Amino acid sequence: MISIITVYLLEKQEYVRKQKQPDVRSQAVPLTRISIPACLPPHKGRALADAVHEGLVETCNVPSRDRFQLISTYAPDMMLIDPTFPDVRRTPEASIVEILFLEGRTIEQKTRLFRRIADRAMQAGFAGDDIMVTLTENKPTDWSAGNGRSYGDRPEAVETSRRSR
Amino acid sequence: MISIITVYLLEKQEYVRKQKQPDVRSQAVPLTRISIPACLPPHKGRALADAVHEGLVETCNVPSRDRFQLISTYAPDMMLIDPTFPDVRRTPEASIVEILFLEGRTIEQKTRLFRRIADRAMQAGFAGDDIMVTLTENKPTDWSAGNGRSYGDRPEAVETSRRSR
Amino acid sequence: MISIITVYLLEKQEYVRKQKQPDVRSQAVPLTRISIPACLPPHKGRALADAVHEGLVETCNVPSRDRFQLISTYAPDMMLIDPTFPDVRRTPEASIVEILFLEGRTIEQKTRLFRRIADRAMQAGFAGDDIMVTLTENKPTDWSAGNGRSYGDRPEAVETSRRSR
């Protein structure tokens with residue numbers, strides 16, 4: 001019975017640890033969708049894509065070559081964005097960034113990621129409130145980067161997957 | 001040892017509670033993608049977007065100002081939808097609604113959400129079987145609504161996040 | 001106290017079982033987004049969509065009628081894909097496949113799915129490295145296939161949902 005309780009405690013400990021420590025093995029393969037209004041000058045769309053990628057590299061240990069981004073433009077009546085919810089002021093240039101990446105990033109990393117993307121976008125001429133970001137997570141075994149191989153088949157990724165069960 | 005078991009039981013209890021009770025703090029920030037066929041009259045696309053938003057407000061406690069929707073049209077050969085699976089009858093107006101929102105909605109809320117969206121879409125002239133809906137969830141710390149701040153940094157959201165670990 | 005430990009052990013066992021055994025009840029309703037470069041000949045876009053659907057049918061027990069796919073084309077400057085990360089060689093035809101489906105597929109099924117999609121795409125003339133795939137999961141109660149009914153209201157799906165808590 002002691003062993004059962006030990007197992008429980010170890011799992012608990014592992015779980016808490018995972019929330020606190022960045023998992024260096026869960027670095028790669030984000031996929032980003034960037035939705036911009038048709039009125040946005042093209043160079044600003046590209047600047048936002050750069051801002052997102054640099055933010056991921058700087059705060060989430062994403063390798064600089066690991067860039068996968070899809071950019072779509074929307075006519076005003078196809079992109080319905082409240083101008084002030086919850087307590088911001090958006091302009092007609094408001095854009096939405098959706099990032100899908102591996103689980104394992106800490107809350108601290110995510111918070112710094114939001115900050116960094118907004119800062120870099122502002123340097124490119126955006127209003128800070130115009131950048132909305134959402135994150136979704138999956139596992140190494142949920143990616144194939146090419147040639148039919150699972151990203152989870154890499155030794156370090158399998159390890160990550162095992163721990164994240 | 002009693003304390004260990006107590007911890008386990010409390011967590012269990014909390015987990016069960018979370019499944020049953022709507023979490024009033026996990027209200028905000030849905031992001032919806034609506035995919036409609038090119039043949040759909042524009043006013044029906046907009047009516048579907050309204051139906052989705054009203055459904056979220058009425059069943060999931062989403063604030064009425066909290067509206068973030070992206071609408072895309074597809075040519076017939078770019079939108080492959082089975083006309084009858086699993087046991088419905090779809091018309092060429094069949095549309096797909098994808099909602100990303102905060103975890104914490106109960107199964108009952110989700111069921112009512114589906115019902116409400118379909119009912120309102122039918123009022124706008126849709127066939128009920130033409131509305132397919134999918135839900136995906138993330139956490140308050142996975143959103144930034146603007147200005148580089150994490151939605152999870154709001155006191156009530158941090159609390160939610162802590163509980164949902 | 002024995003009963004508490006028994007509950008814990010049973011849950012553990014159930015969890016491990018779920019990771020190993022394909023869940024025949026979690027078969028249906030994948031939604032796939034396929035993002036292709038504008039330069040891709042239309043028949044290859046369709047062939048990729050076929051490859052994805054056949055891969056799902058053959059490896060993940062998806063019914064052959066259960067096909068829901070959205071295909072979008074992107075101009076080169078709207079689809080930023082690294083040509084070699086992590087260790088592949090992509091051509092300008094590199095495409096991205098995003099599948100949302102019910103949780104319950106095993107790692108083995110996912111690995112076979114990646115392999116099968118790439119193999120079939122290669123038969124249609126793609127380079128194997130040009131097919132990137134990502135998977136995201138949700139629950140039966142997160143789908144409505146039409147008419148405002150939750151997919152989780154089907155007896156077998158409710159059962160699945162109960163077990164996956």
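Convention: sequence-line order gives letters A, B, ...; per-chain numbering from 1. Bear in mind the structure is a predicted one, so any value in this text is a computation, not a measurement.
Taking chain C as the reference chain and counting heavy-atom pairs below 4.5 Å, the highest number among A:Q69, A:R65, A:H53 is found for A:R65. Most heavy-atom pairs under 4.5 Å with chain A, from the set C:M122, C:R89, C:E98: that is C:E98. Between chain C and the options A:S144, A:P42, A:G45, the largest number of non-hydrogen pairs under 4.5 Å is found for A:S144.
When atom types are taken as modelled, the side chain of C:R115 and the backbone of A:N147 share a donor-acceptor pair closer than 3.5 angstrom.
A distance of 6.5 Å separates OG in A:S72 from CE in C:M78, rounded to the nearest 0.5 Å. Distance OG1/C:T134 to CG/A:L100: 5.0 Å, rounded to 0.5 Å. Summarising the geometry, atom CG belonging to A:N138 is positioned 7.0 Å from atom CG belonging to C:L135; distances are rounded to the nearest 0.5 Å. Separation of atoms CZ (A:F68) and CG (C:D82) is listed at 5.5 Å; rounding is to 0.5 Å. A distance of 4.5 Å separates CD1 in C:I96 from CG in A:L70, rounded to the nearest 0.5 Å.
Closest of all the heavy-atom pairs between A:G146 and C:V88 is CA-CG1, 4.4 Å. Here the shortest heavy-atom pairing between C:M132 and A:A145 reads CG-CA, 4.3 Å.
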Discussion item. Side chain to side chain contact (heavy atoms under 4.5 Å, CB included) for A:I71 and C:M79? Distances and angles first, verdict last.
Written reply: CA-CA 6 Å; A:I71 307 171; C:M79 189 176 198; over 6 Å; no
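Electrostatic pairing of A:K139 and C:E137 does not count as a salt bridge here, judged by no charged N lying under 4.0 Å from a carboxylate O. Between C:D77 and A:R46 there is no salt bridge, since no side-chain nitrogen of the basic residue lies less than 4.0 Å from a carboxylate oxygen of the acidic one.
None of C:T106, C:I107, C:T111 except one satisfies the side chain to side chain contact (heavy atoms under 4.5 Å, CB included) rule with A:T141; the exception is C:I107.
If you measure heavy-atom distances from C:R90 to chain A, the contacts under 4.5 Å come from the side chain alone. No part of C:I117 comes within reach of chain A, as not one of its non-hydrogen atoms sits under 4.5 angstrom from that chain. C:R120 does not touch chain A: none of its heavy atoms, backbone or side chain, sits under 4.5 Å away.
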